[in-house]
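Since the structure comes first, as structure tokens, the remarks are kept for the end.
Residue numbers begin at 1 in each chain, while the letters A, B, ... track the order of the sequences.
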Amino acid sequence: MIRKRPNDRSTNRQQRSSLWQKCTNLRALKQVHASMVVNGFNSNYSAIRELIFCGAMAISGTIDYAHQVFDHVSEPDNFLWNTMIRGSAQSQCPLNAVLLYTRMENRHARPDDFTFPFVLKACTKLSWVKMGMGIHGKVVRFGFESNTFVRNTLIYFHANCGDLRIASALFDDSAKRDVVPWSALTAGYARRGKLDVARRLFDEMPFKDLVSWNVMITGYAKQGEMESARKLFDEVPKRDVVTWNAMIAGYVLCGSNEQALQMFEEMRSLGEKPDEVTMLSLLSACADIGDLDVGQKIHSALLEMGSGDMSIILGNAVIDMYSKCGSIERALEVFRRMRDKDVSSWNSVIGGLAFHGHSEESVNLFKEMRRLKVRPNEITFVGVLVACSHAGKVEEGRGYFNLMRIVYRIEPNIKHYGCMVDLLGRAGILNEAFEFIEKMEIAPNAIVWRTLLGACRVHGNVELGRRANERLLEMRRDESGDFVLLSNIYASRGEWQGVEEVRKLMDDSGVKKEAGCSLVEADNSSLMHFLFDSKPKSR
DNA sequence: AGCGATACTA
């Protein structure tokens with residue numbers, strides 16, 4: 001792949017940069033790396049640097065690979081550190097950016113004015129206020145507080161998750177109050193729900209650019225104020241794909257999926273090109289309303305658009321859409337065609353198959369995944385355990401539960417316990433299911449007890465059912481934090497439907513005392529809802 | 001030296 005042309009340096013350089021440009025996915029990246037090793041470029045620092053830059057920045061979803069390569073560099077310079085921190089900050093796991101920064105300090109590499117904006121961005125994404133404050137301290141200590149970029153990112157951090165007063169003070173003290181810090185502050189106020197302050201800032205801006213408008217539109221859209229958003233959208237002097245995306249995402253967020261799709265049509269008819277973000281919103285809308293037809297159309301639009309391969313995240317969204325729209329076959333087809341996969345891709349199909357009752361295939365895929373050395377995560381095991389539960393494979397399920405804990409060192413969460421109770425309960429091993437709940441290391445929630453209750457009913461075990469019922473009522477009696485907690489989790493993620501669900505759970509105290517479990521549904525649909533109805537996450 | 005700040009996804 002790489003041919004040496006010792007007499008022509010400029011061609012060589014050009015050729016290399018075009019080579020890196022052709023690197024658009026993990027496979028290509030690995031190929032280039034391999035040929036670097038073969039051709040002896042592996043000790044060439046500038047080649048390594050480009051490789052890492054490519055993995056960390058140019059291609060999405062390849063940051064892990066960049067990490068692997070980076071770990072072998074004995075003395076990375078600031079450019080490499082910064083590139084890795086930057087790439088990690090914008091990845092799924094921004095925590096790595098902070099870890100890298102710590103490593104950097106421990107190795108006595110001196111952070112520079114490029115380093116801090118990236119670390120601060122990671123802190124913002126993580127909403128890690130304490131760490132962000134600490135980094136702010138470092139900024140001061142290293143003397144970068146007056147650097148425009150660093151300062152603007154500090155404003156961005158404090159405005160979005162820290163102290164709005166600090167953000168305002170930093171902004172007021174700025175020598176240059178141009179659009180960037182102004183918009184950052186505005187976005188912060190909007191995100192904190194202070195739309196009136198945000199709007200005032202927006203109106204007072206001496207100069208507005210496209211981003212300022214997008215900030216305000218997004219602010220309204222995220223708070224569900226779609227009328228106000230729409231008003232600004234109609235006023236805006238110029239639109240770009242982000243403007244459209246903000247509107248579409250806003251409609252999806254408040255459940256107006258039809259509006260979102262309509263917006264998409266309008267966008268296309270006006271000649272604005274949708275991008276990955278657009279498609280992700282739309283796919284999630286389709287998955288939400290279970291609209292297979294439109295989902296399919298989005299998928300084919302995607303195939304027409306894409307010059308190369310779909311990104312992993314987009315592929316996962318397509319799989320998820322098909323899976324949630326009930327077409328597990330198509331989900332599998334897309335999965336099989338996908339060249340680069342990550343855990344989420346596997347999770348979607350393993351979970352989808354399990355949910356649709358294809359237990360055997362689900363477990364087989366899990367085995368295949370392990371064979372290919374893809375590390376399963378906690379979500380994977382929810383799928384696998386559901387598959388075992390469906391198929392009544394008690395021993396296998398127990399085995400996987402232990403595999404998760406012992407081999408992969410994943411602490412079981414409430415969903416895993418729910419699966420196990422369902423597994424044991426369905427098989428009629430009720431006493432053990434009961435003991436299982438009692439021995440849980442985390443507090444059981446109502447869904448777990450209701451699952452057991454349902455099993456007791458199916459198997460006609462009145463005595464245990466009564467005890468489970470008591471626990472359920474107890475939980476309600478002391479207004480256990482569980483409901484509040486669960487409902488908070490839902491609310492913080494904007495899943496209002498989930499909140500309603502919890503409210504409903506709280507309302508119907510489940511069961512009447514003497515009636516045993518007569519009011520409990522026989523099927524476990526609420527458990528399945530609990531297990532699968534959250535958005536897929538990769539990590 | 002080369003990388004950098006605000007908006008849309010998760």
Side-chain angles (χ1 to χ4, degrees), chain A residues 45-46 49-50 52-53 56-58 60-61 77-87 89-94 112-121 124-125 144 147-157 159-160 167 170-171 174 176-188 190-191 201-202 205 208-222 229 232 236 239-253 263 267 274-285 311-314 316-317 320 342 344 493-494 534-539:
Chain A
Y45 187 79
S46 71
R49 190 194 59 204
E50 291 206 60
I52 288 179
F53 187 83
M57 295 301 305
S60 66
D77 61 8
N78 268 18
F79 176 83
L80 267 196
W81 280 110
N82 293 344
T83 303
M84 284 306 296
I85 294 175
R86 185 185 177 198
Q90 63 161 42
S91 74
Q92 321 281 89
C93 184
D112 56 26
D113 51 330
F114 285 89
T115 316
F116 290 110
F118 304 142
V119 189
L120 282 166
K121 191 149 202 168
T124 311
K125 270 181 92 172
F144 292 116
N147 176 286
T148 311
F149 291 99
V150 177
R151 197 181 182 83
N152 289 346
T153 326
L154 276 172
I155 293 175
Y156 169 76
F157 162 73
N160 275 288
L170 277 170
F171 175 72
S174 293
K176 273 177 63 179
R177 291 190 216 161
D178 68 358
V179 262
V180 174
W182 208 307
S183 298
L185 194 62
T186 308
R191 192 157 298 177
L201 278 166
F202 176 75
M205 276 184 210
K208 297 182 184 69
D209 64 2
L210 192 51
V211 176
S212 334
W213 284 90
N214 286 340
V215 162
M216 203 58 232
I217 292 174
T218 303
Y220 282 127
K222 285 212 168 159
L232 277 189
V236 76
R239 294 171 190 152
D240 68 355
V241 65
V242 176
T243 323
W244 287 97
N245 288 348
M247 291 299 292
I248 292 173
Y251 283 126
V252 172
L253 208 65
M263 202 90 215
M267 175 184 189
D275 67 0
E276 185 171 307
V277 176
T278 323
M279 301 320 252
L280 283 171
S281 291
L282 294 170
L283 285 168
S284 129
S311 71
I312 296 181
I313 189 158
L314 207 45
N316 291 347
D320 191 57
D342 67 5
S344 297
R493 295 178 47 188
S534 53
K535 300 263 181 277
K537 268 188 171 171
S538 38
R539 227 156 90 83

### Message
At 4.0 Å (heavy atoms only), tell me whether A/Asn160 reaches a base, stays on the sugar-phosphate, or touches nothing.
### Response
nothing
### Query
Quick one: A/Leu282 CG to B/dT9 C1', roughly how many Å, whole number?
11 Å
### Message
Of the listed nucleotides (B/dC3, B/dC8, B/dA5), which one gets closest to any side-chain atom of A/Phe118?
### Response
B/dC3
### Query
For A/Asn147 and B/dG4, what is the distance between atoms CG and C1' respectively, to the nearest whole Å?
9 Å
### Task
Check every atom of B/dG4, B/dC8, B/dT6 against the side chain of A/Val277 and return the nucleotide holding the closest atom.
B/dC8
### Task
Side-chain contact test, heavy atoms from C-beta onward, threshold under 4.5 Å: evaluate it for A/Met216 versus A/Leu201 and give yes or no.
no
### Task
Write down the distance between CG (A/Asn245) and P (B/dT6), rounded to a whole number of angstrom.
17 Å
### Task
Report yes if the ring of A/Phe79 lies under 5.5 Å from the six-membered base ring of B/dG2 with planes under 30°, and no otherwise.
yes
### Message
Taking 4.0 Å as the cut-off, does a side-chain nitrogen or oxygen of A/Arg191 come that near to OP1 or OP2 on B/dC8?
### Response
yes
### Task
Output all residues satisfying side-chain hydrogen bond (donor to acceptor under 3.5 Å, both in side chains) with A/Arg151, sequence neighbours left out; order by chain, then residue number.
A/Ser174
### Query
What is the nucleic acid contact for A/Phe114, judged by heavy atoms within less than 4.0 Å: base, sugar-phosphate only, or nothing?
base
### Query
If you look at every strand shown and take non-hydrogen atoms under 4.0 Å, does A/Lys222 touch a base, only sugar-phosphate, or nothing?
sugar-phosphate
#### Entry: A/Asn214 side chain, from C-beta outward: closest of B/dT6, B/dC3, B/dA7
B/dA7
### Message
Just the rounded figure in Å: distance from C1' of B/dC8 to CG of A/Leu314.
### Response
14 Å
### Message
Determine whether the aromatic ring of A/Phe149 stacks with the base of B/dG4, defined as ring centroids separated by less than 5.5 Å and ring planes inclined by less than 30°.
### Response
yes
## Note on the structure
Among B/dG2, B/dC8, B/dA7, the one nearest any side-chain atom of A/Ala187 is B/dA7
### side-chain hydrogen bond (donor to acceptor under 3.5 Å, both in side chains) partners of A/Tyr251, counting only residues at least two apart
none
## Note on the structure
Taking B/dA1, B/dC3, B/dG4 as options, the one with an atom nearest any side-chain atom of A/Arg49 is B/dA1
### Query
Starting at NZ of A/Lys121 and ending at C1' of B/dC3, how long is that distance when rounded to a whole Å?
13 Å
### Query
Looking only at heavy atoms, what is the nearest atom pair of A/Ala56 and A/Thr83, with distance?
CB-O, 3.9 Å
### Query
So what does A/Val241 hit on the nucleic acid, given a heavy-atom distance under 4.0 Å: a base, only sugar-phosphate, or nothing?
nothing
### Message
Check the orientation of A/Phe116 and A/Phe144. Use parallel for under 30°, tilted for 30 to 60°, and perpendicular for over 60°.
### Response
tilted
### Query
Counting side-chain heavy atoms from CB outward, which of B/dG4, B/dA5, B/dA7 is closest to A/Val180?
B/dA5
### Query
Which part of the nucleic acid does A/Arg239 contact within heavy-atom distance under 4.0 Å: base, sugar-phosphate only, or nothing?
nothing
### Message
Among B/dG4, B/dC8, B/dT6, which nucleotide has an atom closest to any side-chain atom of A/Val211?
### Response
B/dT6
### Query
A/Tyr45 OH to B/dG2 C1': how many Å, rounded?
11 Å
### Message
Heavy atoms from C-beta onward define the side chain here; which of B/dA7, B/dT9, B/dC3 lies closest to that of A/Asp112?
### Response
B/dC3
#### Entry: Which nucleotide in B/dG4, B/dA5, B/dC8 has an atom nearest any side-chain atom of A/Asp178
B/dA5
### Query
Between atom CG in A/Asp320 and atom P in B/dT9, what is the gap in whole Å?
17 Å
### Query
Taking CG from A/Asp275 and C1' from B/dC8, how many angstroms apart are they, rounded to a whole number?
8 Å
## Note on the structure
Closest non-hydrogen atoms of A/Ser91 and A/Lys125, given as atom of the first, atom of the second and distance, are O-NZ, 3.1 Å
### Task
Consider the side chain of A/Val150, meaning its heavy atoms from C-beta on, and name the nucleotide among B/dA5, B/dC8, B/dG4 that approaches it most closely.
B/dG4
